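If you're wondering where the values come from, they're calculated on a predicted model, not measured in any experiment. These values consider heavy atoms only, across backbone and side chains, with no hydrogens, waters or symmetry-generated copies.
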Amino acid sequence: MKRLVKIFVGVSFGSIVFVLLCNMWVVMTTRSQSYFSVKKLPTNEVGLVLGTSKATSDGKENLFFKYRMEAAARLFNEGKVKYLILSGNNDSKYYNEPLDMQKAIMALGVPRSAMQLDYAGYRTFDSVIRCKGIFNEDNITIVSQDFQNARALYIAKNEGINAVAFAAQDVPAGYSVRTLVREYLARPKAVLDVHFYRPPTLPHNKMR
């Protein structure tokens, strides 16, 4: 029993250290590519907008979605990008993040012709990989909140994509602790995906 306890403690400690190191590594190696100022942000032809649901689980407006769409529209309207790839989850005909994103951004003055919808961006890894593999874009500006941008930039960097990221307005402190915890755990997964697992992505772009 003592031996099992020692093994459990050792594995738990090692896992915690791995998670911490991965988070530090992902953030530190992408910091120079992250921008908070529109004026300082380099200009790119294409912006990759990472998807999220437009409403929270209790039916309220999702501020992550609202601020992210506002940031994407701002970059287009100020000439920092010419086209937007809206990449999100469309796992059924009743849930369509890319279409919701398109409607929201059009309401902010961006024409439909300037947007391309990616219906198979189920994860950040998929969205970044498909940007190059499906849409043939390897110079991009990633648009999301800062916490997600670091992971997306890390994936892009290791996949031969020249990317910078613009941080959308962050949500109030404590707005979604669950999202931040999930991101903290998603970074080690991204490291494993990039260097070891290489999970497959869908080869098509069809709306369900």
Side-chain angles (χ1 to χ4, degrees), residues 15-44 46-53 62-72 74-75 80-81 84-89 97 101 118 121-133 135 137-199 201:
S15 298
I16 292 172
V17 171
F18 177 72
V19 169
L20 292 174
L21 289 177
C22 284
N23 272 271
M24 291 175 59
W25 180 249
V26 168
V27 172
M28 289 176 61
T29 57
T30 60
R31 186 173 296 166
S32 63
Q33 300 160 270
S34 297
Y35 291 83
F36 296 84
S37 168
V38 174
K39 291 183 179 180
K40 295 181 180 180
L41 179 72
T43 300
N44 264 326
V46 176
L48 171 64
V49 189
L50 300 178
T52 186
S53 58
N62 183 358
L63 293 183
F64 288 111
F65 179 92
K66 171 180 168 62
Y67 296 152
R68 205 174 296 181
M69 300 311 108
E70 290 176 349
R74 182 182 179 190
L75 295 188
K80 287 296 182 177
V81 296
L84 296 170
I85 295 176
L86 312 182
S87 183
N89 191 348
E97 287 180 357
M101 295 160 71
D118 176 16
Y122 299 113
R123 303 177 305 147
T124 302
F125 184 85
D126 296 322
S127 295
V128 175
I129 293 294
R130 287 171 57 78
C131 196
K132 180 178 181 179
F135 299 102
E137 299 293 346
D138 54 11
N139 289 279
I140 60 174
T141 296
I142 298 167
V143 184
S144 185
Q145 274 73 25
D146 183 54
F147 68 86
Q148 187 180 21
N149 281 345
R151 177 161 52 107
L153 285 169
Y154 184 83
I155 295 168
K157 180 179 181 180
N158 284 279
E159 295 300 321
I161 300 173
N162 181 28
V164 294
F166 179 70
Q169 180 179 337
D170 211 346
V171 300
Y175 176 77
S176 180
V177 175
R178 179 183 177 184
T179 298
L180 298 180
V181 171
R182 184 172 58 192
E183 180 61 32
Y184 207 74
L185 297 176
R187 289 172 183 166
K189 180 64 165 57
V191 172
L192 294 174
D193 283 345
V194 166
H195 300 291
F196 299 101
Y197 294 155
R198 307 299 307 168
T201 58

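- Annotation: side-chain contact (heavy atoms from CB on, under 4.5 Å) contacts of Ser34 (sequence neighbours excluded): Asp146, Leu153.
- Here the shortest heavy-atom pairing between Thr141 and Pro42 reads OG1-O, 4.4 Å.
- Of all the heavy atoms in Met69 and Val49, the pair that sits closest is CE-CG1, 3.9 Å.
- Two residues are said to be in side-chain contact when any heavy atoms from C-beta on lie closer than 4.5 Å; Val143 and Leu48 fail this criterion.
- How far CD1 of Ile140 is from CG of Leu84: 12.0 Å, rounded to the nearest 0.5 Å.
- Under the ring pair (Phe, Tyr, Trp, His ring centres under 6.0 Å) criterion, Phe64 pairs with Phe147, Tyr175, not counting sequence neighbours.
- Of all non-hydrogen atoms in Val128 and Ala152, the two that sit nearest each other are CG2-O, 4.0 Å.
- In this structure, Asn62 and Thr52 have side chains that are in contact, with non-hydrogen atoms separated by less than 4.5 Å.
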Query raised in the report: Do Phe135 and Val46 pass the side-chain contact (heavy atoms from CB on, under 4.5 Å) test, and can you show the C-alpha distance, the side-chain angles, and the key distance before you say yes or no?
Result: CA-CA 10 Å; Phe135 299 102; Val46 176; over 6 Å; no
Report task. Give the C-alpha distance, both sets of side-chain angles, the deciding distance and a yes or no for salt bridge (charged side-chain N to carboxylate O under 4.0 Å, His left out) between Asp138 and Lys132. Result -> CA-CA 5 Å; Asp138 54 11; Lys132 180 178 181 179; 5.3 Å; no
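- Not a single side-chain hydrogen bond (donor to acceptor under 3.5 Å, both in side chains) links Ser53 to another residue, sequence neighbours left out.
- Every residue two or more places apart in sequence or in another chain that forms a side-chain hydrogen bond (donor to acceptor under 3.5 Å, both in side chains) with Asn139 is listed here: Asn162.
- With sequence neighbours left out, the side-chain contact (heavy atoms from CB on, under 4.5 Å) criterion links Val17 to Phe13, Leu21.
- Pairs engaging residues 28-38 under the salt bridge (Lys or Arg N to Asp or Glu O under 4.0 Å) rule: none recorded [sequence neighbours left out].
- In this structure, Tyr154 and Trp25 have side chains that are in contact, with non-hydrogen atoms separated by less than 4.5 Å.
- Counting heavy atoms from C-beta outward, Val38 and Lys80 have side chains that approach closer than 4.5 Å.
- In terms of the salt bridge (Lys or Arg N to Asp or Glu O under 4.0 Å) criterion, residue partners of Asp193 (sequence neighbours excluded) are, by chain and number, Arg123, Lys189.
- Sorted by first and then second residue, the pairs that involve residues 153-173 and meet salt bridge (Lys or Arg N to Asp or Glu O under 4.0 Å), not counting sequence neighbours, are Glu159-Arg198.
- Residues forming a ring pair (Phe, Tyr, Trp, His ring centres under 6.0 Å) with Phe18 (at least two apart in sequence, or on another chain): none.
- The side-chain contact (heavy atoms from CB on, under 4.5 Å) test applied to Leu20 returns Ile16, Tyr184, not counting sequence neighbours.
- Atoms CG and OG, on Asn89 and Ser127 in that order, are 9.5 Å from each other to the nearest 0.5 Å.
- For residues 173-188, the pairs satisfying salt bridge (Lys or Arg N to Asp or Glu O under 4.0 Å) are Arg151-Glu183, Glu183-Arg187, with sequence neighbours left out.
- Proximity of Leu86 to Asp118: side-chain heavy atoms (C-beta onward) are nowhere separated by under 4.5 Å.
- Atom CZ of Phe65 sits about 10.5 Å away from atom CD of Glu70, to the nearest 0.5 Å.
- Checked against side-chain contact (heavy atoms from CB on, under 4.5 Å), Ser144 has the following partners two or more places apart in sequence or in another chain: Leu50, Arg68, Gln148, Asn149.
- Between Ile142 and Ala163, the closest heavy-atom pair is CD1-CB, 4.1 Å.
- Considering all non-hydrogen atoms of both residues, Gly121 and Ser87 come closest at CA-OG, 3.4 Å.
- The minimum heavy-atom distance linking Ala71 with Phe166 is given by the pair CB-CE2, 3.9 Å.
- Between the CD1 atom in Ile161 and the CD1 atom in Ile155 there is a gap of 9.0 Å [rounded to 0.5 Å].
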